[in-house]
Each structure stands twice: as C-alpha cells, then as structure tokens.
2 protein chains.
Amino acid sequence: MDSGALRARPAATRRNARTHALEIIRQKIITLELAPGARLSENELAGQLGLSRTPIRESLILLAEEQLVFVVPQVGTLVAPILLSEIETAQFVRESLELAALSESVARATPDDIAELNAIIDAQRIADSRKTQAGFFTLDEEFHATLMGISGHGSAWRTVAQAKAHLDRARHLSLSFTGMSVLIDQHQVITDSLAAGNGDAAASAMREHLRRVFNDIAAVRQTNPELFTLDPSQ
Amino acid sequence: MDSGALRARPAATRRNARTHALEIIRQKIITLELAPGARLSENELAGQLGLSRTPIRESLILLAEEQLVFVVPQVGTLVAPILLSEIETAQFVRESLELAALSESVARATPDDIAELNAIIDAQRIADSRKTQAGFFTLDEEFHATLMGISGHGSAWRTVAQAKAHLDRARHLSLSFTGMSVLIDQHQVITDSLAAGNGDAAASAMREHLRRVFNDIAAVRQTNPELFTLDPSQ
DNA sequence: GCTGGTGTTGTTGCATGGTACAGCGCAGTG
DNA sequence: CACTGCGCTGTACCATGCAACAACACCAGC
C-alpha cells in the first residue's frame, strides 16, 4: 500500500482557489468590510474574485462552521451578527487555553524562548512608533502563538485563533482602542515574569492583558449598542 | 435526543446530504472502521453513500479542517494517523476548558442543575447495568455538555467536542478500557462536590477523571505501540 | 380595499464534465 | 544492468448546469 509517501505537507500551504477565497472573505468579515447581517451571494463573490461558485461555496461552508456566516438554504448566506454571547464564549475559550498554556510554560521556557519573545516585543515597539496598526496585529498574534508553542501545545493555537477571530471582529468596531504601548508593556511583564519563573505573576499579567481586550469591546458596546445583538432571532 | 448541546444552531440544521455524509464518515473514522492511513476516494464514498461527489467532497474538506483526514491534491485523501501529539493537544484543550468551566460553575449551579446532573448519572448506572456501552458514551457526553452549560459557556462545548473526537478515536483502540462504573463514580464525586460548593474538590475530581481517560490511551500505547505515530513523516 | 393564487426571480443544494498533475509501469537507450 | 523518458491511470480541483424552493410582485376575484 501507501507506505510513507506523506511528504511534509505541501498541500496545506499550496494556494488553491478555495484557500485564497477563504482568507479574503474571512478577513473582510473580521475587519467589518463585510458588515454583520450583510447578504452574501455565491455568484456575486465568484464574480468579484474571478472564480466559479465551487471554491466560494466551499469557503462559505468553512466560515459557517466557524460561525462567521450562516447559510439559509434557498434564501442566502449572511454575515453573522455580532452576538455578545459569541464574544463571551470566545473570550472564555481564549482565556482558558492561554492561561493553561502559560502555566505549563513556566517550567519549560528556555533562554532562547525568552529571547524570541523579547525579539517580538521589540518589533512591536517599532511597529508602535511607526503607527502601523496592521503590523502590530500580526506581531501580537505571533507573540501569543509563540507563547503557546513554548508550552508544548502549539497546535492548540488553531483553536485559540478561531476564537480570536470573533474577538477581533468585535474589536474592529472601535477604531481607536487601547493604545498599543499599553499592550506591549503587558507583553513585557508576561515575558519577564516567565523569565523569572514567576508563574503567578505571569498568569495575572496575562489575565489582565486578555481582559483588557475584552473590556475594550465592552466599551464599544456602550458607545454603539446597536451593533450588538443579544437575541439571535432579532 | 440532543438537549441544549446543539442549541447553538438555531434553525439552519436541516438534514442535507452533506451533513448526512459528514456524520457517517466522521463516525467511521472515530470508531476506527476507517483505519488511520486508509485511502479514501470521493468517487468510492459517493458510490457507497448513494450521493454524488459534491457533498462527499464538502464533508472531507470539513474533516480535514478537524484534522481527521488530510488531503493531498492530486494524490488522494487519507484518514489521519493517530499522532500522539494530536492526542496530547486534544487532552490539553479539553482539560483546560472543562476545568475552567467547572470553576465558574461552582457559584452558578442551582439545585435544578444538580438534579439534572444526578438524573444523567442515574441513567448512566442503568446503562452500565445493561452493559450498553454505546448508551454510556452518549450519556457521558451529555454529562460533560450539561456541566459546561451550567458554567454559562455552553456554546464552548462545540470546541471541546472537536478535541474529544481525537481522544475518542484513540480510546477506540482499546476495546475494554476502564469500566464504566469507575467513571460514573467520578461523575458522582464531581456533582456532589459541585453541590457542596467545594470547587477545589470538584476540580481535582474532574482532573482525575479526565486524566484517567488519557491514561487509558497511554495504556493502549504500551500494548499496541505500532498504532501510534510520533513523527508525521514516518 | 383586501385576500388568495400565480408567475418570476434569486438563492443554495447537488450532479457532472473537463483539466492538471502525481505516481507508476514499461519500453528504449547507454 | 542502470537509467531516462513516455504514456497510462487515478486523483483532487474547479467550472457549469439543473433542480428545488423561498420570497416577492402582481393580478384576479370577492
């Protein structure tokens, strides 16, 4: 049969039309370029992206699994509303996993790991000074993903990232949330506590860090309550 | 049948061919009826299920997202090998989320909630006495899902269930794992501790419970090491 | 005016055909 | 014998056509 023959996944990285469409549509949903409640159409998206309906349709199925859109047969596909309940669930998942990972990282972090985290933080400070918000987003993700890798559960990042998408979408409601510098300082405290082997300090810093993001979202809710739906039937 | 666990999907859960195929194929993978490494074929599956390739293909894409199969573009679709690293990640995700949920449940559990848990446990004892293993599996899932619902994060069960699929697949390697009665007793300890408001006792009982399942898997690894792959390239 | 039926349009679900490519056997050559 | 190139086969990827159905406009009848 097929003994080995499993080459190191060129499949996952190979850009096919479906992956291409998925990333573009997901990004547009997270950045609110596609607003909650907006009607999507397989045909329309296919035309815009220069593809046929098939890869578009497959992308939408995956996005439905992520709860970013919902599909009503014979009616249409709609961008999911921003449900407070979804955000709270996402926050719960992210916080639980990141805190658990951090706890296990204390006994595992090597000097190289700490150096890597500090390198990312340095890059974040540069991005901050240049006011490149998009760059900071990428580096923020890299920091948290690296931290999860240090815990030995790097492949759990996929799960966190999925939850994070919902949080990020809510964050995008506010154009000016907490300044980057505050977040970067928190990254530094987490890293320093980890380097010092102080798990409790690292955990409380991480919790405060993640909660701050969540609180930003709550603040947006105060100013734009109409954007948040409590009842899915609404 | 399904209690509030699947309540996350409002009304859009109409049984279509894709969902039908997805559930059947996933079940066959988890129960090892489709062995790790087995070659799947859109055409062959379509023939077996009496469908066309389209819903089959969409199912396989979703299963690939769950890491239960992997697709190599012009080669074929294969059932994912049982990677120890995947199992450990799944255990990490499940344990983190269930313990975090349990912690929040202590202050929220009502007498009705406790009664509901006890009712499930009673049903489990009946299933045990009748040696209906399949029934116990369903009730076990219901117990844990209910517990997560009590924490107020019921929709996070979807995430736990996805991790659980990998654990269950590994468990199926062993036909006779830990007797049900031990697991039921642990459910009882967890429930009683929760009813008494003793969060620490509930947490340690839950940790022991989840670890026992994980240890069952480790035992299987001792007896059937060839079934576990450590290196994906192997 | 109001209600019920009907035709039109738009949508997703599913079926099917064409295409590019990986893998393999095999013949031909050095 | 070793090696290279060619063609055959099977696969996933994508394009496209058809069917089923929901929503809505509109009109006939009351």
Side-chain angles (χ1 to χ4, degrees), chain A residues 1-26 29 34-35 37-80 233, chain B residues 9-25 29 34-35 37-80 232-233:
Chain A
M1 299 297 180
D2 48 282
S3 57
L6 324 178
R7 301 206 14 185
R9 26 84 287 153
T13 50
R14 176 172 181 132
R15 300 274 299 183
N16 51 22
R18 177 179 72 241
T19 306
H20 182 67
L22 177 63
E23 290 177 3
I24 289 182
I25 300 173
R26 181 196 274 132
I29 292 175
L34 287 172
R39 286 183 58 121
L40 303 180
S41 158
E42 295 178 1
N43 271 315
E44 190 181 343
L45 288 169
Q48 289 174 6
L49 297 180
L51 301 168
S52 82
R53 281 180 52 215
T54 300
I56 300 294
R57 172 175 166 76
E58 293 167 349
S59 300
L60 293 179
I61 290 172
L62 288 170
L63 289 171
E65 196 65 19
E66 286 187 53
Q67 317 273 316
L68 285 176
V69 307
F70 60 98
V71 180
V72 183
Q74 276 70 42
V75 174
T77 303
L78 300 108
V79 177
S233 70
Chain B
R9 298 188 181 187
T13 319
R14 265 176 58 172
R15 294 277 299 186
N16 50 22
R18 176 179 71 238
T19 306
H20 181 67
L22 176 63
E23 290 177 2
I24 288 182
I25 300 173
I29 291 175
L34 287 172
R39 289 186 55 138
L40 303 180
S41 159
E42 294 179 2
N43 270 313
E44 191 181 340
L45 288 170
Q48 289 174 7
L49 296 180
L51 300 170
S52 81
R53 286 168 16 228
T54 300
I56 300 295
R57 172 176 165 76
E58 293 168 350
S59 300
L60 293 179
I61 290 172
L62 288 170
L63 290 171
E65 196 65 18
E66 286 187 53
Q67 316 273 312
L68 286 175
V69 307
F70 61 99
V71 181
V72 185
Q74 265 61 39
V75 175
T77 302
L78 298 96
V79 177
S233 70

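Values reported hereafter were calculated over all heavy atoms of this structure, with side chains retained and with hydrogens, waters and symmetry mates removed. Note that the structure is predicted; figures quoted are calculated from it, not measured. Reminder, nothing fancy here: chain letters follow the sequence lines and each chain counts from 1.
The separation between I56(B) atom CD1 and dC14(D) atom C1' is 18 Å, rounded to whole Å. In this entry the distance linking CG of L78(A) with P of dT12(C) reads 9 Å, nearest Å. For Q74(A) and dT11(C), the CD to C1' distance is 7 Å, given to the nearest whole Å. In this entry the distance linking CD of E42(B) with C1' of dC14(C) reads 14 Å, nearest Å. Taking atom CG on N43(B) and atom C1' on dG18(C), their separation rounds to 14 Å, with Å as the unit. R39(A) has its CZ atom 8 Å from the C1' atom of dG10(C), to the nearest Å. Atom CG in L22(A) sits roughly 16 Å away from atom C1' in dC14(D) (whole-Å rounding). For the pair E58(B) CD and dA12(D) P, the computed distance is 15 Å after rounding to whole Å.
Residues S59(A) and L22(A) approach most closely at OG-N, 3.3 Å, considering heavy atoms. The two residues L78(A) and G37(A) come nearest to each other via the heavy atoms CD2-O, 3.6 Å. Here the shortest heavy-atom pairing between V69(B) and L40(B) reads CG1-CD1, 4.2 Å. In this structure, P73(B) and V71(B) approach most closely via the heavy-atom pair CD-O, 3.8 Å.
Picking from dC14(C), dC14(D), dC13(D) the nucleotide with the shortest atom distance to the side chain of R57(A) gives dC14(C). Closest contact between the side chain of P55(A) and the listed nucleotides dC14(D), dA15(C), dT12(C) involves dC14(D). Among dG23(C), dC14(D), dA15(C), the nucleotide with an atom closest to any side-chain atom of V75(B) is dG23(C). Residue T54(B) has its side chain nearest to dA15(C) when only dT11(C), dG17(D), dA15(C) are considered. Among dA15(C), dG13(C), dA15(D), the nucleotide with an atom closest to any side-chain atom of L51(B) is dA15(C).
The pair R39(B)-E44(B) fails the salt-bridge criterion, with no side-chain N (NZ, NE, NH1 or NH2) lying under 4.0 Å from an Asp/Glu carboxylate O.
Contact between the side-chain N/O atoms of T77(A) and the OP1/OP2 oxygens of dT12(C) is found at a separation under 4.0 Å.
When the nearest nucleotides of DNA chain D are assigned to E44(B) and R18(A) by heavy-atom distance, the more 5′-ward of the two goes with E44(B). For the pair S52(B) and L60(A), both in contact range of DNA chain C, the more 5′-proximal nearest nucleotide belongs to L60(A).
Looking at heavy-atom distances under 4.0 Å, L40(A) makes contact with sugar-phosphate atoms alone, never a base.
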